[in-house]
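Contents: one structure, followed by commentary.
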There are 2 protein chains.
Amino acid sequence: MDRVKLFNDFLSQKGLKSTSQRKLILETFLESESHYSTEELYLKLRKEHPRIGYATVHRTLKLFAECGIAAERNFGDGQTRFESVHADEHHDHLVCTNCGLIIEFEDQKIEELQKLVASQHNFKIENHRLELYGLCEDCRSQK
Amino acid sequence: MDRVKLFNDFLSQKGLKSTSQRKLILETFLESESHYSTEELYLKLRKEHPRIGYATVHRTLKLFAECGIAAERNFGDGQTRFESVHADEHHDHLVCTNCGLIIEFEDQKIEELQKLVASQHNFKIENHRLELYGLCEDCRSQK
DNA sequence: TATCTTTCTGAAAATTATTTTCATTTTCTT
DNA sequence: AAGAAAATGAAAATAATTTTCAGAAAGATA
(Lines give C-alpha, C1' and ligand atoms only; values in the text may rest on other atoms or scores of the structure.)
Protein backbone atom coordinates (compact mmCIF):
# COMPACT_ATOMS: atom_id res chain seq x y z
CA MET A 1 0.00 0.00 0.00
CA ASP A 2 1.83 2.95 -1.33
CA ARG A 3 -0.77 5.54 -0.38
CA VAL A 4 -0.35 4.80 3.28
CA LYS A 5 3.34 5.55 2.99
CA LEU A 6 2.60 8.65 0.98
CA PHE A 7 0.32 9.91 3.71
CA ASN A 8 2.82 9.15 6.45
CA ASP A 9 5.55 10.95 4.56
CA PHE A 10 3.25 13.90 4.15
CA LEU A 11 2.52 13.96 7.85
CA SER A 12 6.11 13.84 8.98
CA GLN A 13 7.16 16.38 6.40
CA LYS A 14 4.58 18.77 7.78
CA GLY A 15 5.41 18.01 11.39
CA LEU A 16 2.03 16.38 11.91
CA LYS A 17 1.43 13.33 13.99
CA SER A 18 0.44 9.84 13.12
CA THR A 19 -2.56 8.93 15.20
CA SER A 20 -4.80 5.92 15.48
CA GLN A 21 -7.71 7.93 14.11
CA ARG A 22 -5.80 9.00 11.05
CA LYS A 23 -4.73 5.44 10.36
CA LEU A 24 -8.25 4.19 10.78
CA ILE A 25 -9.79 6.86 8.57
CA LEU A 26 -7.27 6.32 5.81
CA GLU A 27 -7.73 2.57 5.94
CA THR A 28 -11.49 2.82 5.70
CA PHE A 29 -11.29 5.46 3.01
CA LEU A 30 -9.03 3.34 0.83
CA GLU A 31 -11.01 0.17 1.43
CA SER A 32 -13.94 1.30 -0.62
CA GLU A 33 -14.14 2.79 -4.04
CA SER A 34 -17.10 5.00 -3.24
CA HIS A 35 -17.13 8.76 -3.20
CA TYR A 36 -17.54 9.68 0.42
CA SER A 37 -18.96 12.83 1.84
CA THR A 38 -17.69 13.64 5.32
CA GLU A 39 -20.98 12.57 6.76
CA GLU A 40 -21.11 9.24 4.97
CA LEU A 41 -17.63 8.27 6.04
CA TYR A 42 -18.30 9.48 9.56
CA LEU A 43 -21.44 7.36 9.84
CA LYS A 44 -19.66 4.34 8.46
CA LEU A 45 -16.76 4.72 10.87
CA ARG A 46 -19.01 5.31 13.83
CA LYS A 47 -20.53 1.86 13.53
CA GLU A 48 -17.28 0.27 14.59
CA HIS A 49 -15.75 3.23 16.40
CA PRO A 50 -18.43 5.18 18.20
CA ARG A 51 -15.96 7.53 19.83
CA ILE A 52 -14.72 9.07 16.61
CA GLY A 53 -15.67 12.68 15.97
CA TYR A 54 -17.13 14.25 12.90
CA ALA A 55 -14.57 17.04 12.94
CA THR A 56 -11.72 14.57 12.98
CA VAL A 57 -13.09 12.77 9.96
CA HIS A 58 -13.53 16.03 8.14
CA ARG A 59 -10.10 17.34 9.02
CA THR A 60 -8.53 14.10 7.95
CA LEU A 61 -10.31 14.08 4.60
CA LYS A 62 -9.02 17.60 4.07
CA LEU A 63 -5.53 16.33 4.75
CA PHE A 64 -6.01 13.58 2.18
CA ALA A 65 -6.98 16.21 -0.34
CA GLU A 66 -4.01 18.35 0.61
CA CYS A 67 -1.51 15.57 0.09
CA GLY A 68 -3.09 14.38 -3.12
CA ILE A 69 -4.47 11.06 -1.91
CA ALA A 70 -7.99 12.32 -2.38
CA ALA A 71 -9.74 14.90 -4.50
CA GLU A 72 -12.69 17.01 -3.49
CA ARG A 73 -15.64 16.83 -5.81
CA ASN A 74 -19.03 18.35 -5.94
CA PHE A 75 -21.72 16.58 -7.87
CA GLY A 76 -24.39 19.12 -7.19
CA ASP A 77 -26.20 17.49 -4.31
CA GLY A 78 -24.91 20.01 -1.81
CA GLN A 79 -22.30 17.79 -0.26
CA THR A 80 -18.62 17.80 -1.04
CA ARG A 81 -17.35 14.33 -1.77
CA PHE A 82 -13.84 12.98 -1.49
CA GLU A 83 -12.61 10.39 -3.88
CA SER A 84 -9.50 8.35 -3.87
CA VAL A 85 -6.93 9.57 -6.40
CA HIS A 86 -4.68 7.03 -8.01
CA ALA A 87 -1.29 8.41 -8.96
CA ASP A 88 -0.92 9.78 -12.48
CA GLU A 89 -4.32 8.53 -13.37
CA HIS A 90 -7.13 10.91 -13.98
CA HIS A 91 -10.69 9.91 -14.41
CA ASP A 92 -13.97 11.60 -15.04
CA HIS A 93 -17.50 10.68 -14.08
CA LEU A 94 -20.81 9.53 -15.37
CA VAL A 95 -23.42 10.41 -12.77
CA CYS A 96 -26.93 8.97 -12.86
CA THR A 97 -29.40 11.71 -12.07
CA ASN A 98 -31.99 9.18 -11.01
CA CYS A 99 -30.24 6.74 -8.68
CA GLY A 100 -26.98 8.58 -7.95
CA LEU A 101 -24.75 5.87 -9.42
CA ILE A 102 -21.29 7.16 -10.21
CA ILE A 103 -19.20 5.46 -12.89
CA GLU A 104 -15.63 6.48 -13.52
CA PHE A 105 -14.09 6.63 -16.93
CA GLU A 106 -10.97 7.78 -18.68
CA ASP A 107 -10.59 9.04 -22.17
CA GLN A 108 -7.22 10.01 -23.45
CA LYS A 109 -8.54 11.78 -26.52
CA ILE A 110 -10.71 14.05 -24.47
CA GLU A 111 -7.73 14.88 -22.28
CA GLU A 112 -5.69 15.83 -25.30
CA LEU A 113 -8.39 18.03 -26.70
CA GLN A 114 -8.61 19.78 -23.36
CA LYS A 115 -4.93 20.61 -23.48
CA LEU A 116 -5.41 21.97 -26.94
CA VAL A 117 -8.26 24.23 -25.84
CA ALA A 118 -6.22 25.47 -22.91
CA SER A 119 -3.24 26.33 -25.04
CA GLN A 120 -5.47 28.24 -27.44
CA HIS A 121 -6.42 30.47 -24.53
CA ASN A 122 -2.91 30.59 -23.09
CA PHE A 123 -4.04 28.79 -19.98
CA LYS A 124 -1.82 26.49 -18.04
CA ILE A 125 -4.08 23.70 -16.80
CA GLU A 126 -3.59 22.45 -13.29
CA ASN A 127 -6.52 20.10 -13.23
CA HIS A 128 -9.97 19.61 -14.61
CA ARG A 129 -13.30 18.02 -14.04
CA LEU A 130 -15.66 16.47 -16.47
CA GLU A 131 -18.98 15.10 -15.42
CA LEU A 132 -21.65 13.65 -17.65
CA TYR A 133 -25.09 13.61 -16.07
CA GLY A 134 -27.87 11.37 -17.29
CA LEU A 135 -29.68 8.10 -16.82
CA CYS A 136 -27.78 4.89 -16.25
CA GLU A 137 -28.62 1.65 -17.97
CA ASP A 138 -30.91 0.39 -15.21
CA CYS A 139 -32.79 3.62 -14.73
CA ARG A 140 -33.35 3.93 -18.46
CA SER A 141 -34.99 0.54 -18.71
CA GLN A 142 -37.17 1.18 -15.68
CA LYS A 143 -38.76 4.19 -17.29
CA MET B 1 -35.61 39.10 -26.39
CA ASP B 2 -36.75 35.57 -26.59
CA ARG B 3 -35.69 34.58 -23.10
CA VAL B 4 -38.02 37.12 -21.55
CA LYS B 5 -40.92 35.52 -23.38
CA LEU B 6 -39.71 32.08 -22.40
CA PHE B 7 -39.71 33.07 -18.77
CA ASN B 8 -43.14 34.64 -18.96
CA ASP B 9 -44.54 31.54 -20.62
CA PHE B 10 -43.02 29.45 -17.90
CA LEU B 11 -44.58 31.62 -15.22
CA SER B 12 -48.07 31.55 -16.64
CA GLN B 13 -47.88 27.85 -17.35
CA LYS B 14 -47.05 27.25 -13.71
CA GLY B 15 -49.66 29.67 -12.43
CA LEU B 16 -46.98 32.00 -11.13
CA LYS B 17 -47.16 35.73 -11.27
CA SER B 18 -45.23 38.28 -13.22
CA THR B 19 -43.88 40.82 -10.79
CA SER B 20 -41.75 43.91 -11.07
CA GLN B 21 -39.00 42.19 -9.10
CA ARG B 22 -38.92 39.21 -11.42
CA LYS B 23 -38.75 41.44 -14.44
CA LEU B 24 -35.97 43.47 -12.91
CA ILE B 25 -33.95 40.46 -11.86
CA LEU B 26 -34.24 38.81 -15.26
CA GLU B 27 -33.28 41.99 -17.03
CA THR B 28 -30.21 42.51 -14.91
CA PHE B 29 -29.27 38.86 -15.14
CA LEU B 30 -29.41 38.86 -18.93
CA GLU B 31 -27.64 42.19 -19.23
CA SER B 32 -24.32 40.82 -18.15
CA GLU B 33 -22.42 37.78 -19.24
CA SER B 34 -20.96 37.10 -15.84
CA HIS B 35 -21.59 34.10 -13.66
CA TYR B 36 -23.56 35.44 -10.74
CA SER B 37 -23.84 34.00 -7.31
CA THR B 38 -27.00 34.98 -5.48
CA GLU B 39 -25.02 37.36 -3.36
CA GLU B 40 -23.29 39.08 -6.26
CA LEU B 41 -26.50 39.67 -8.14
CA TYR B 42 -28.22 40.79 -4.96
CA LEU B 43 -25.50 43.34 -4.23
CA LYS B 44 -25.58 44.64 -7.78
CA LEU B 45 -29.36 45.01 -7.76
CA ARG B 46 -29.40 46.66 -4.39
CA LYS B 47 -27.38 49.61 -5.64
CA GLU B 48 -30.29 50.76 -7.77
CA HIS B 49 -33.09 49.04 -5.89
CA PRO B 50 -32.34 49.06 -2.17
CA ARG B 51 -35.69 47.51 -1.25
CA ILE B 52 -35.06 44.21 -3.00
CA GLY B 53 -34.57 41.17 -0.81
CA TYR B 54 -31.91 38.52 -0.93
CA ALA B 55 -34.46 35.73 -0.78
CA THR B 56 -36.32 37.11 -3.75
CA VAL B 57 -33.17 37.20 -5.82
CA HIS B 58 -32.33 33.69 -4.83
CA ARG B 59 -35.80 32.34 -5.49
CA THR B 60 -35.87 34.00 -8.86
CA LEU B 61 -32.51 32.58 -9.87
CA LYS B 62 -33.85 29.16 -8.94
CA LEU B 63 -36.80 29.79 -11.22
CA PHE B 64 -34.44 30.69 -14.04
CA ALA B 65 -32.68 27.39 -13.53
CA GLU B 66 -35.96 25.54 -13.42
CA CYS B 67 -37.16 26.93 -16.72
CA GLY B 68 -33.81 26.49 -18.43
CA ILE B 69 -32.83 30.14 -18.79
CA ALA B 70 -29.98 29.65 -16.36
CA ALA B 71 -27.80 26.80 -15.20
CA GLU B 72 -26.45 26.31 -11.71
CA ARG B 73 -22.73 25.85 -11.53
CA ASN B 74 -20.27 25.27 -8.81
CA PHE B 75 -16.67 26.22 -9.40
CA GLY B 76 -15.47 25.10 -6.03
CA ASP B 77 -15.38 28.41 -4.19
CA GLY B 78 -18.31 27.49 -2.02
CA GLN B 79 -20.86 29.57 -3.86
CA THR B 80 -23.31 28.34 -6.42
CA ARG B 81 -23.27 30.46 -9.54
CA PHE B 82 -25.96 30.91 -12.14
CA GLU B 83 -25.08 31.42 -15.73
CA SER B 84 -27.20 32.38 -18.64
CA VAL B 85 -27.96 29.43 -20.94
CA HIS B 86 -28.32 30.11 -24.62
CA ALA B 87 -30.63 27.72 -26.39
CA ASP B 88 -29.01 24.68 -27.99
CA GLU B 89 -25.61 26.03 -27.22
CA HIS B 90 -23.47 24.43 -24.64
CA HIS B 91 -20.23 25.75 -23.36
CA ASP B 92 -17.61 24.74 -20.90
CA HIS B 93 -15.24 26.75 -18.75
CA LEU B 94 -11.67 27.65 -18.18
CA VAL B 95 -11.33 28.90 -14.63
CA CYS B 96 -8.27 30.74 -13.39
CA THR B 97 -7.34 29.46 -9.97
CA ASN B 98 -5.45 32.63 -9.20
CA CYS B 99 -7.71 35.53 -10.19
CA GLY B 100 -11.05 33.77 -10.67
CA LEU B 101 -11.37 34.69 -14.35
CA ILE B 102 -13.85 32.49 -16.17
CA ILE B 103 -13.58 31.97 -19.91
CA GLU B 104 -16.19 30.06 -21.83
CA PHE B 105 -15.39 27.76 -24.69
CA GLU B 106 -17.03 25.22 -26.92
CA ASP B 107 -15.48 22.23 -28.52
CA GLN B 108 -17.55 20.05 -30.75
CA LYS B 109 -15.05 17.23 -30.83
CA ILE B 110 -15.04 16.93 -27.08
CA GLU B 111 -18.83 16.86 -27.10
CA GLU B 112 -18.81 14.02 -29.58
CA LEU B 113 -16.32 12.02 -27.59
CA GLN B 114 -18.50 12.47 -24.53
CA LYS B 115 -21.45 10.99 -26.35
CA LEU B 116 -19.32 8.07 -27.35
CA VAL B 117 -18.22 7.42 -23.78
CA ALA B 118 -21.80 7.61 -22.59
CA SER B 119 -23.03 5.13 -25.15
CA GLN B 120 -20.27 2.72 -24.20
CA HIS B 121 -21.72 2.70 -20.70
CA ASN B 122 -25.33 2.69 -21.86
CA PHE B 123 -25.91 6.07 -20.33
CA LYS B 124 -28.31 8.58 -21.74
CA ILE B 125 -26.72 11.97 -21.20
CA GLU B 126 -28.93 14.80 -20.09
CA ASN B 127 -26.20 17.34 -19.60
CA HIS B 128 -22.60 17.67 -18.66
CA ARG B 129 -20.02 19.96 -17.21
CA LEU B 130 -16.42 20.36 -18.08
CA GLU B 131 -14.18 22.73 -16.26
CA LEU B 132 -10.48 23.25 -16.78
CA TYR B 133 -8.71 24.85 -13.85
CA GLY B 134 -5.39 26.57 -14.13
CA LEU B 135 -3.58 29.85 -14.60
CA CYS B 136 -4.76 32.38 -17.14
CA GLU B 137 -2.44 34.25 -19.45
CA ASP B 138 -2.05 37.26 -17.14
CA CYS B 139 -1.50 35.28 -13.98
CA ARG B 140 1.07 33.11 -15.70
CA SER B 141 3.18 36.05 -16.72
CA GLN B 142 2.96 37.64 -13.29
CA LYS B 143 4.54 34.65 -11.67
C1' DT C 1 -63.78 48.97 -10.94
C1' DA C 2 -64.19 46.54 -6.45
C1' DT C 3 -63.48 42.33 -4.45
C1' DC C 4 -61.45 38.09 -3.65
C1' DT C 5 -58.07 34.53 -3.94
C1' DT C 6 -53.61 33.30 -4.73
C1' DT C 7 -49.03 34.19 -5.02
C1' DC C 8 -44.99 37.26 -3.80
C1' DT C 9 -42.00 39.87 -1.15
C1' DG C 10 -38.66 41.11 2.35
C1' DA C 11 -36.99 40.44 6.90
C1' DA C 12 -35.88 37.35 9.98
C1' DA C 13 -35.43 32.76 11.45
C1' DA C 14 -34.19 28.04 10.33
C1' DT C 15 -31.52 24.69 8.18
C1' DT C 16 -27.49 22.42 6.37
C1' DA C 17 -22.73 21.78 5.45
C1' DT C 18 -18.41 23.10 6.91
C1' DT C 19 -15.06 25.12 9.96
C1' DT C 20 -13.32 26.70 14.34
C1' DT C 21 -12.69 26.78 19.32
C1' DC C 22 -11.05 24.90 23.41
C1' DA C 23 -10.17 21.80 27.26
C1' DT C 24 -8.26 17.45 27.45
C1' DT C 25 -5.65 13.62 25.62
C1' DT C 26 -2.14 11.68 22.76
C1' DT C 27 2.11 11.66 20.25
C1' DC C 28 6.76 12.14 19.98
C1' DT C 29 11.03 14.28 21.37
C1' DT C 30 14.48 14.71 24.64
C1' DA D 1 9.64 9.99 32.50
C1' DA D 2 8.74 14.83 31.45
C1' DG D 3 7.82 18.48 28.38
C1' DA D 4 6.39 20.52 24.09
C1' DA D 5 3.55 20.30 20.23
C1' DA D 6 -0.25 18.72 17.97
C1' DA D 7 -4.76 16.01 17.77
C1' DT D 8 -9.19 14.83 19.37
C1' DG D 9 -14.16 15.26 20.20
C1' DA D 10 -17.94 18.05 21.62
C1' DA D 11 -19.88 22.09 21.11
C1' DA D 12 -20.08 26.56 19.19
C1' DA D 13 -19.42 29.45 15.17
C1' DT D 14 -19.72 30.49 10.41
C1' DA D 15 -21.45 30.67 5.76
C1' DA D 16 -24.50 29.53 2.18
C1' DT D 17 -29.02 28.41 1.24
C1' DT D 18 -33.82 27.72 2.26
C1' DT D 19 -38.04 28.44 4.80
C1' DT D 20 -41.44 30.99 7.46
C1' DC D 21 -44.74 34.43 7.89
C1' DA D 22 -47.31 38.77 7.87
C1' DG D 23 -48.29 42.23 4.87
C1' DA D 24 -48.28 43.68 -0.19
C1' DA D 25 -49.18 42.94 -4.99
C1' DA D 26 -51.07 40.45 -8.96
C1' DG D 27 -54.57 38.95 -11.55
C1' DA D 28 -59.04 36.54 -11.93
C1' DT D 29 -63.94 37.25 -11.28
C1' DA D 30 -68.09 39.55 -10.66
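Convention: sequence-line order gives letters A, B, ...; per-chain numbering from 1. Since the structure is predicted, the reported quantities are computational estimates derived from the model, not experimental observations.
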query = Whole Å only: how far is the CD atom of B:E39 from the P atom of D:dT18?
reply = 14 Å
task = Test for a donor-acceptor pair under 3.5 Å between the base of D:dA5 and the side chain of A:K17, counting only N and O atoms.
result = yes
query = NA contact type, B:T80, heavy-atom cut-off 4.0 Å: base, sugar-phosphate, or nothing?
reply = sugar-phosphate
request  = Specify the separation, in whole Å, of atom CZ of A:R22 and atom C1' of D:dG9.
outcome  = 14 Å
inquiry  = Please report the distance, rounded to the nearest Å, between CG in A:L45 and P in D:dG9.
reply    = 10 Å
query = How long is the line joining CZ of B:F10 and C1' of C:dT7, in whole Å?
reply = 14 Å
message = For C:dT7, does the base pair up with any side-chain atom of B:R59 as donor and acceptor (N or O, under 3.5 Å, distance only)?
response = no
ask   = Would you call B:K14 and B:E66 a salt bridge, using N to O less than 4.0 angstrom?
value = yes
ask   = CG of B:L26 versus C1' of C:dC8: gap in Å, rounded?
value = 17 Å
query = Short question: side chain of A:R129, backbone of A:N74 - any donor-acceptor pair under 3.5 Å?
reply = yes
inquiry  = Using whole Å, what does the distance between atom C1' of nucleotide D:dA16 and atom CG of A:N74 come to?
reply    = 12 Å
ask   = Would B:F82 and B:Y36 count as a close aromatic pair, with their ring centres under 6.0 Å?
value = no
query = With distance as the sole criterion, is a donor-acceptor pair present between the side chains of B:H91 and B:E106 under 3.5 Å?
reply = no
inquiry  = Rounded to whole Å, how long is the line connecting atom CD1 of A:I52 with atom C1' of D:dA11?
reply    = 17 Å
inquiry  = Need to verify one output field. Residue with the more 5' nearest nucleotide on DNA chain D, A:L63 or A:P50?
reply    = A:L63
B:Y54 side-chain proximity, nearest of D:dT17, D:dT8, D:dA26 = D:dT17
query = A:T38 near the nucleic acid: base, sugar-phosphate alone, or nothing, with a heavy-atom cut-off under 4.0 Å?
reply = nothing
query = Counting just side-chain N and O atoms, does B:S20 come under 4.0 Å of either OP1 or OP2 of D:dA25?
reply = no
A:Q21 vs D:dG9: side-chain N/O to OP1/OP2 distance below 4.0 Å = yes
note = Side-chain atoms of A:S18 come closest, of C:dC28, D:dA7, C:dA11, to C:dC28
message = Reading DNA chain C from 5' onward, which residue's closest nucleotide shows up sooner: A:L16 or A:K62?
response = A:K62
key: Rounded distance in Å - CG (B:L11) to P (D:dA28)   = 13 Å
ask   = Would you say C:dA17 has OP1 or OP2 under 4.0 Å from some side-chain N or O of A:H58?
value = no
task = Walk me through it: do A:Y133 and A:H93 pass the test ring pair (Phe, Tyr, Trp, His ring centres under 6.0 Å)?
result = CA-CA 8 Å; A:Y133 295 88; A:H93 298 89; 9.7 Å; no
message = So B:T56, base contact, sugar-phosphate only, or nothing? Heavy-atom distance under 4.0 Å.
response = base
